[in-house]
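Worksheet: the structure to be examined is printed underneath.
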Amino acid sequence: ARGIPVICMGQYRRAGARPLITAFKPRWHRLFQGLVLYNEQEYQRYCTTYNFNPVKTTYLNNGLEQYPLPPTSAHLESRRLNGPFMCLGRLEPKNRFDLAVSAYLCYRQLGGRRKLLIIGDGSSRAKLQTSGTLEGLHFIGALYGDALNTYLSQAFALIHPFGLGLTINS
């Protein structure tokens with residue numbers, strides 16, 4: 001990126017990130033000519049602790065605060081390896097969760113045994129529930145905070161058929 005004007009949208013710490021990655025990010029972000037961070041707390045940390053130029057650094061007020069998660073134990077990791085697929089987000093037509101349900105139907109027809117948990121609410125939920133009356137398919141509804149973290153810690157894979165919005169970033 002040297003010599004080419006590039007602005008990086010960076011995040012200092014993601015929930016569950018390893019300390020080495022967290023320590024490396026400010027060094028990586030120095031390669032860019034500008035930096036957009038996720039909240040004021042990160043902006044303050046970059047400008048004071050890491051001496052980033054406040055003129056070339058800014059932040060969004062998106063309401064997301066990232067808190068570190070404790071390291072996963074071997075027990076939790078084994079649960080994850082045997083865990084379900086999960087879909088997470090607003091169940092709206094534009095997010096195409098119908099594709100995840102269709103793909104899951106094919107997976108089950110091929111002998112797949114994992115469950116699919118769909119976490120979220122929205123205008124498509126009723127239609128998805130009637131079109132997806134399969135064994136192993138479960139609609140959980142909206143979850144937040146620790147309840148959501150409990151489910152996510154068990155996921156084998158997170159499936160988001162279309163787009164990457166704030167749901168996935170958070």
Side-chain angles (χ1 to χ4, degrees), residues 8-26 28-29 36-42 45 59-108 110-170:
C8 177
M9 185 163 179
Q11 185 173 12
Y12 170 69
R13 175 178 31 200
R14 290 192 56 83
R18 291 194 159 84
L20 180 63
I21 299 298
T22 301
F24 175 74
K25 281 189 175 183
W28 165 250
H29 290 151
V36 179
L37 294 164
Y38 282 89
N39 57 46
E40 187 176 7
Q41 180 184 3
E42 289 185 353
R45 182 181 297 114
Y59 64 94
L60 304 172
N61 282 318
N62 65 8
L64 297 176
E65 296 295 335
Q66 299 292 329
Y67 301 101
L69 297 174
T72 58
S73 67
H75 170 71
L76 285 178
E77 197 59 33
S78 71
R79 283 174 60 187
R80 182 182 310 215
L81 291 174
N82 298 307
F85 297 119
M86 287 189 196
C87 289
L88 171 65
R90 296 282 308 150
L91 304 182
E92 299 296 335
K94 69 177 184 173
N95 289 335
R96 299 302 312 266
F97 283 100
D98 59 309
L99 296 175
V101 172
S102 296
Y104 184 69
L105 173 62
C106 293
Y107 166 80
R108 291 297 288 218
L110 292 171
R113 308 285 299 155
R114 289 185 196 277
K115 294 178 181 179
L116 172 62
L117 307 181
I118 298 182
I119 300 172
D121 275 319
S123 65
S124 295
R125 182 175 176 169
K127 184 176 179 183
L128 288 169
Q129 283 180 295
T130 58
S131 69
T133 54
L134 302 170
E135 182 180 341
L137 177 61
H138 303 279
F139 289 84
I140 308 300
L143 294 174
Y144 304 95
D146 290 339
L148 178 59
N149 289 339
T150 299
Y151 274 88
L152 290 176
S153 70
Q154 299 173 37
F156 175 74
L158 184 63
I159 301 167
H160 194 74
F162 187 77
L164 293 175
L166 286 177
T167 300
I168 300 302
N169 287 330
S170 66

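Owing to the predicted nature of the structure, the values given are computational and were not obtained by experimental measurement.
- Closest non-hydrogen pair, L91 versus F97, comes out as CD2-CD1, 3.6 Å.
- The structure places CG of L137 at 9.5 Å from CZ of R108, a figure rounded to the nearest 0.5 Å.
- Taking all atoms of both residues into account, the shortest heavy-atom contact from G83 to R114 is O-NH1, 2.7 Å.
- The OH atom of Y151 lies 11.0 Å from the OG atom of S153; values are rounded to the nearest 0.5 Å.
- Summarising the geometry of Y107 relative to R113, their closest heavy-atom pair is OH-N, 3.3 Å, with the distance given to 0.1 Å.
- Y104 places no side-chain N or O within donor-acceptor distance of the main-chain N or O of L99, the cut-off being under 3.5 Å.
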For residues 115-124, which side-chain N or O atoms pair as donor and acceptor with protein atoms under 3.5 Å away, sequence neighbours left out?
| from | atom 1 | to | atom 2 | distance (Å) |
| --- | --- | --- | --- | --- |
| D121 | OD1 | R125 | NH1 | 2.6 |
| D121 | OD2 | A142 | N | 3.3 |
| S123 | OG | E92 | OE1 | 2.6 |

